[in-house]
Amino acid sequence: MALLQSQNDGLVSDAHRPAYHFLPPKGWMNDPNGLIHFRGEYHLFYQHNPEEAVARNIVWGHGVSKDLVHWKPLPVALRPDKPYDKDGVWTGCMVDDNGVPTAVYTGVHPEVQCIATSRDMMTWEKAPENPVIPAPPEGMQVTGFRDPYVWRSREWWYAVVGSGIRDVGGAILLYRSRDLRRWEFLQPALVGEKAKTGEMWECPNLFPLGRKWVLWTSPVPLGRVIYFVGAFRNHRFIPDYQGEMDLGGCFYAPQSFRDAKGRRILFGWLWETRDQAMSQHAGWAGVQSLPRQATLSRDGRLLFQPVAEVRALRRQRVSLKPRSLRPGEEVAAGDLQGDCWELQVEMTAGESSRCGVRLYHTADEGQVTSILFSQAEGCVVIDRTHSSRHETVARDVRSAPLTLQNGEPLRLQLFVDRSVIEVFVNGHTCLTSRVYPEGGARFAPRLFAIDGTARLVRAEGWTLEGVW
Ligand code: DQQ
């Protein structure tokens, strides 16, 4: 990673900067863009300001990897240098057009859809036909028109564009084309209700998964991601299940792709929850989630798990034998501690009202973050009201509904990467958060139960190796 180190020069040493999640050498990052598995390599493009940790002057940053875990930074791919994208090269996707990598993105002028092609994934040429979709459908009063997501089905390319119909709600506009250059508007594939699911649907993804279709979007102003599972028929999406992709409060604008192994893999932007001055001082802002694999459960909802490749980061292992957790007791997970680790815990709540894991700052136990299952309230919670002594970082409690059936244990898989805490719950619920304790971000986990005895079925953890 020599290239990375030299590009890192000038970054203030920052104990909150993640060490195994993807992030650029420096500067600002938001949405993942252009994800593709192409000729044996994974490419991740992203919304990026290489100059400073602020969301302006956005370009497409670029990284490449053979295993989704170790990344090499590559030069900026797209810059705002044409009349139709001079105010922004915003979010888009990447398709393989018969061997030609083709980016489909939003140019801001004010919002139009454009394409750029490459022979070598390094230099990019914007098409003379740009903008290929020069305006929203005629007569439609839209609240936005951006973030094209494209796939191929037999002789057609299809695109969904994120939008909204004024005073009605978020909308997904469906187009088709034979050549990625001339597009025909078909109809809205789905329209939401403004009061329930927001006024504008950013970053839609629409794809088949198993016997169903999945549609997800990041609605403005909700600031979180909703997904639908259903059918896609006659150019319409018919939902039969609606869910949440991550209720931790800082996961947004995910994008997915299908890799050569047939896996549906996604990354999502984890935004900062410290104030802008702290990020600017640090010289960076924004990190990508772990690569997550999405699959379909038997009852038609989405399951999420980190891709298997992440296991390659595991180093020292700890484990605990089954035991009871008495109320008020706290049990350390062996000597697992530090700033980069993974912990898997399986427990049954038993007589306890709440049980889970507390992450204590190793030098100052007054800074503690809790992840717990509340049997009484039927939810899983991440509580960062005491995570930091800094005045200018967010402190809140986030929760996701969780009902455990017939003795089904609580299964937590926790990833700590300095300021990132990514939590997978029972394979279907995610709570990702950011914490910025004073004095760095080193934690030791302890298991606990409140009001009654819970049972620890299994705990296994590993320190994880940083890649940056
Ligand atoms: N971010 C991009 C937009 C998208 C938004 C601009 C979502 O294309 O709608 O950076 O975070």
Side-chain angles (χ1 to χ4, degrees), residues 22-24 27-35 44-62 76-80 84-94 103-116 130-133 136 142-150 159-165 169-173 192 197-206 215-227 245-246 248-256 266-273 276 279 284-289 432 434:
F22 180 89
L23 73 186
W28 167 272
M29 173 171 70
N30 57 296
D31 312 356
N33 291 168
L35 298 175
L44 195 171
F45 300 82
Y46 51 92
Q47 294 282 285
H48 182 38
N49 177 354
E51 304 303 328
E52 51 177 342
V54 184
R56 55 174 166 250
N57 303 329
I58 294 292
V59 301
W60 272 39
H62 185 188
V76 164
L78 299 178
R79 295 177 188 279
Y84 52 78
D85 66 12
K86 66 178 176 36
D87 296 328
V89 287
W90 281 10
T91 283
C93 60
M94 184 76 61
V104 189
Y105 69 97
T106 295
V108 183
H109 176 67
E111 286 178 13
V112 294
Q113 317 317 321
C114 309
I115 63 175
N130 279 341
V132 292
I133 310 182
V142 298
T143 51
F145 184 59
R146 57 183 179 270
D147 311 334
Y149 186 79
V150 178
V160 280
V161 178
S163 189
I165 301 174
I172 302 296
L173 305 182
T197 51
E199 62 189 36
M200 154 68 203
W201 282 357
E202 297 187 309
C203 303
N205 278 209
L206 178 59
L215 190 161
W216 71 56
T217 179
S218 301
V220 178
L222 304 195
R224 49 178 224 266
V225 189
I226 55 173
Y227 76 79
M245 279 185 72
D246 191 310
C250 61
F251 174 94
Y252 198 67
Q255 185 174 99
S256 76
L266 66 111
F267 288 84
W269 165 37
L270 309 181
W271 58 45
E272 300 299 316
T273 59
Q276 188 167 303
S279 291
W284 65 278
V287 48
Q288 297 297 327
S289 69
T432 303
R434 305 292 308 276

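Remember, predicted model here, so these are calculated numbers, not experimental data. We count ligands from 1, going down the list as the structure has it; atoms in each ligand are counted the same way.
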Part of T91 within contact of ligand 1 (heavy atoms, under 4.0 Å): both
Among all protein heavy atoms, pick the one closest to atom 6 (C) of ligand 1 and tell me residue, atom and distance. Q47 OE1, 3.3 Å
Donor-acceptor pair between N33 and Q47 side chains, under 3.5 angstrom: yes
When the ring planes of F45 and H62 are compared, do they come out parallel, tilted or perpendicular, using 30° and 60° as the limits? parallel
T106 and side chain to side chain donor-acceptor pair (under 3.5 Å): which partner among E111, Q113, R146? Q113
So, for F22 and Y46, is the gap between ring centers shorter than 6.0 Å? yes
Among N33, D147, N30, V108, closest by heavy atom to atom 3 (C) of ligand 1 is D147
Is it the case that the side chains of Q255 and Y149 hold a donor-acceptor pair, with the cut-off being a distance below 3.5 Å and no angle test? no
Can you tell me which residue and heavy atom of the protein come closest to atom 1 (N) of ligand 1, and the distance to 0.1 Å? D31 OD2, 2.9 Å
One finds that the ligand 1 atoms under 4.0 Å from a non-hydrogen atom of Y252 are 7 (C), 11 (O)
N/O separation below 3.5 Å, E202 to ligand 1: yes
